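Report on the following structure.
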Amino acid sequence: MEGKLLEMFEVGPCEDDYQLGFLIGQRFCNQIRSRLAGDLILQNQLLPFARTPHAQPLLKALSETNQKKFPRYWAELLGTADGSGVPVLDIILVNFRKEILPFISKTTMNSNADTTDDCSDVLIVGDSMAVAAHNEDANVALVGHTYLIKGKLSNGLSFIAYTYAGELPSCAFGLNSQGLAFTLNSVPPVEDEIAPAGIGRNFVSRDLLEATSTADALARIRSSEVSVGHSYNLIDIQKRMILNVETASKSRVSVHEVGTTPFFHANMYLHLQVQQVHDENSISRQKRAAVLPQGSKTDFLSLLGDTEDTKYPIYMTGKN
């Protein structure tokens, strides 16, 4: 934790999606500017790449594809940039960082920049207990640069989303007034499995905040031809159901319904057959979780806070 309560901003209903983004950008302009200035991935990788001729076709295609699929959320993104007074390009780059980084030459990558997302989840649905527990271990540049958005839409739906400064709500976790919640885990497909200029994961997760049911959420996920992959933990509070949904490019989706056997997910594919990057961090966390007690809510919280493995702990605290 950052030592203080996260700020929640209630916004909406707004006259349009641009205004929604504008008000968020205006309210959190200091956090957004500070995050962008201190984000090593943005400053040392994404921005230098964006200035090269090689980047222009990719950025243009990503922008056009996602604006066409999600015009409302694209307007929200532009509003966030204008409201915070930062360049639109910076906002575009941090929202598409996962779709862009694989195409940056490895020789130009800054080895000192932490590009990993190390979130972990443990899930169970039994007769006496249903738990979805998540730890949000992201890039150290986000420390002090996150907030909660309580969005109210004109159709009566509302949502609460944990939000990275400058990004669409939420690439982490959220819930809405329809009784649907989700948490997210990054997964690393190899470069050959990535479709250039597909739908960005930030746009899919923003769309999930407006899902009216599990079936609707699955339909939204399936209809998005993503560039990279993602793992979604869909939680239907009313039906008392949890689904782990792994996705990849070329419309590949695998759904696993969580039951009485505890299900631990780090940052690697578990049931969708996709070639993925060999990630010692996730492998270590999966092995460690398998030997820890998983019989109570206290066990699950202890598991997510485990630091026994000093190199690859389940609970990451960032670089010193």
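What you see is a predicted model; the values in this text were computed from it and never measured.
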All heavy atoms of Arg240 vs all of Ala130, minimum pair found to be NH2-N, 3.8 Å
Distance col, row Leu77:CG vs Arg72:CZ, nearest 0.5 angstrom, shows 14.0 Å
Do Leu59 and Ile100 have side-chain heavy atoms sitting under 4.5 Å apart? yes
Quick one: do Val253 and Leu123 end up in the same hydrophobic cluster if we chain Ile, Leu, Val, Met, Phe, Trp and Tyr together by side-chain heavy atoms under 4.5 Å apart? no
Restricting to ring pair (Phe, Tyr, Trp, His ring centres under 6.0 Å), what partner residues turn up for Phe70, sequence neighbours left out? Tyr73
Residue pairs meeting salt bridge (Lys or Arg N to Asp or Glu O under 4.0 Å), one or both in residues 217-233, sequence neighbours left out, come to Asp207-Arg220, Asp216-Arg220
Any donor-acceptor N or O pair under 3.5 Å, side chains Glu167, Asn202: yes
With side-chain contact (heavy atoms from CB on, under 4.5 Å) as the test, would you mind laying out the steps for Leu180 and Leu208 before giving the verdict? CA-CA 9 Å; Leu180 187 76; Leu208 286 180; 5.6 Å; no
Hydrogens and angles aside, do Ser186 and His230 bring a side-chain donor and acceptor to less than 3.5 Å of each other? no
Students often mix this up, so state it plainly: with edges at 30° and 60°, are the rings of Tyr164 and Tyr162 parallel, tilted or perpendicular? perpendicular
Is there a donor-acceptor pair under 3.5 Å between the side chain of Asn95 and the backbone N or O of Leu168? yes
Is it possible for you to say whether Leu270 and Leu234 belong to one hydrophobic cluster, with membership spreading through side-chain heavy-atom contacts below 4.5 Å? no
Drop me the distance from Lys152's NZ to Glu10's CD, to the nearest 0.5 angstrom. 5.0 Å
Residues Gly198 and Asn66: closest non-hydrogen pair is O-ND2, 3.2 Å
Are more than 12 heavy atoms from other residues, nucleotides or ligands located less than 6.0 Å from atom CD of Gln275? no
Pairwise distance CE(Met316) to CD(Glu136) - rounded to 0.5 angstrom: 13.0 Å
Between Asp121 and His265, a side-chain donor and acceptor under 3.5 Å: no
Less than 3.5 Å apart, any donor N or O on the side chain of Gln56 or His54 sitting next to an acceptor on the other? no
With a 4.5 Å heavy-atom cut-off, do Leu42 and Arg97 have their side chains touching? no
Residues Ser205 and Cys171: closest non-hydrogen pair is OG-CA, 3.9 Å
Side-chain heavy atoms of Ile283 within contact of His278, under 4.5 Å: yes
Side chains of Leu46 and Phe49: does their closest heavy-atom pair fall under 4.5 Å? no
Measuring only between side-chain heavy atoms, which start at C-beta, is Leu23 closer than 4.5 Å to Cys14? yes
Under 3.5 Å, is there a donor-acceptor pair between the side chain of Glu193 and the main chain of Ser249? no
Is the backbone of Trp74 close enough, under 3.5 Å, to the side chain of Asp17 for a donor and an acceptor to pair up by distance? no
For Asn233 and Thr183, test the side chains for any donor-to-acceptor distance below 3.5 angstrom and give the result as yes or no. yes
Any non-hydrogen side-chain atom of Leu303 less than 4.5 Å from a side-chain atom of Asp299? no
Hydrophobic cluster membership, Phe159 vs Ile237, 4.5 Å side-chain cutoff: no
Answer yes or no: is there a donor N or O on one side and an acceptor on the other, between the side chain of Thr163 and the main chain of Ser170, under 3.5 Å? no
What are the two closest non-hydrogen atoms of Thr307 and Pro313, and how far apart are they? CA-CB, 3.7 Å
Looking at Gln276 and Tyr269, would you say the former's side chain and the latter's main chain have a donor-acceptor pair under 3.5 Å? yes
Could you go step by step and tell me if Phe263 and Ile124 meet the side-chain contact (heavy atoms from CB on, under 4.5 Å) rule? CA-CA 6 Å; Phe263 182 81; Ile124 186 171; over 6 Å; no
Any side-chain heavy atom of Phe96 sitting closer than 4.5 Å to one from Glu99? yes
Nearest 0.5 angstrom please: Lys150 NZ to Phe9 CZ, how far? 13.0 Å
If I take atom CD1 from residue Ile314 and atom CG from residue Leu292, how far apart are they, to the nearest 0.5 angstrom? 5.5 Å
Closest non-hydrogen contact found for His145 with Gln31 is CD2-O, 3.5 Å
For a salt bridge (charged side-chain N to carboxylate O under 4.0 Å, His left out) check, start with the C-alpha distance between Lys60 and Glu64, then their side-chain angles and the critical distance, and finish with the verdict. CA-CA 6 Å; Lys60 184 174 185 292; Glu64 290 178 349; 2.6 Å; yes
Polar side-chain atom of Lys287 near backbone of Ser282 as donor-acceptor pair, under 3.5 Å: no
Show your reasoning for whether side-chain contact (heavy atoms from CB on, under 4.5 Å) applies to Leu6 and Thr146. CA-CA 7 Å; Leu6 284 174; Thr146 61; 3.4 Å; yes
Only one of Leu47, Asp90, Leu93 passes side-chain contact (heavy atoms from CB on, under 4.5 Å) with Leu36, and that residue is Asp90
Separation between CG of Leu218 and OG1 of Thr247, rounded to the nearest 0.5 Å: 11.5 Å
So, the side chain of Ser284 versus the backbone of Glu280: is there a donor-acceptor pair under 3.5 Å, distance only? yes
Taking all atoms of both residues into account, what is the closest heavy-atom pair of Val274 and Pro189, and its distance? CG1-CB, 4.0 Å
Between Leu142 and Arg35, is the side-chain contact (heavy atoms from CB on, under 4.5 Å) condition met? List the steps. CA-CA 7 Å; Leu142 291 166; Arg35 182 263 171 104; 3.6 Å; yes
What I'd like to find out is whether the side chain of Asn244 reaches to under 4.5 Å of the side chain of Tyr232, using heavy atoms alone. no
Same cluster or not: Ile199 versus Ile194, using hydrophobic residues (I, L, V, M, F, W, Y) connected whenever any side-chain heavy atoms lie under 4.5 Å apart? yes
Let's go through Phe28 and Tyr147 carefully: what are the C-alpha distance in whole Å and the side-chain angles of both, what is the deciding distance for ring-ring contact (aromatic ring centres under 6.0 Å, His included) to 0.1 Å, and is it a yes or a no? CA-CA 8 Å; Phe28 294 105; Tyr147 39 80; 3.7 Å; yes
Give a yes-or-no answer on whether the side chains of His134 and Asn185 include a donor-acceptor pair shorter than 3.5 Å. no
Distance flag, aromatic centroids of Phe264 and Phe300, threshold under 6.0 Å: no
Just by distance, with hydrogens left out, do Asn281 and Asn267 show a side-chain donor and acceptor under 3.5 Å apart? no
Does any N or O in the side chain of Asn176 come within less than 3.5 Å of the main-chain N or O of Leu209, such that one atom is a donor and the other an acceptor? yes
Kindly work out whether a path of hydrophobic side-chain contacts (I/L/V/M/F/W/Y, heavy atoms less than 4.5 Å apart) joins Ile235 to Leu184. no
For the residue pair Tyr18 and Asp82, confirm or rule out a side-chain donor-acceptor distance under 3.5 Å. yes
So, the side chain of Gln19 versus the backbone of Glu15: is there a donor-acceptor pair under 3.5 Å, distance only? yes
Hey, does the side chain of Arg201 reach the backbone of Ser231 with a donor-acceptor pair shorter than 3.5 angstrom? no
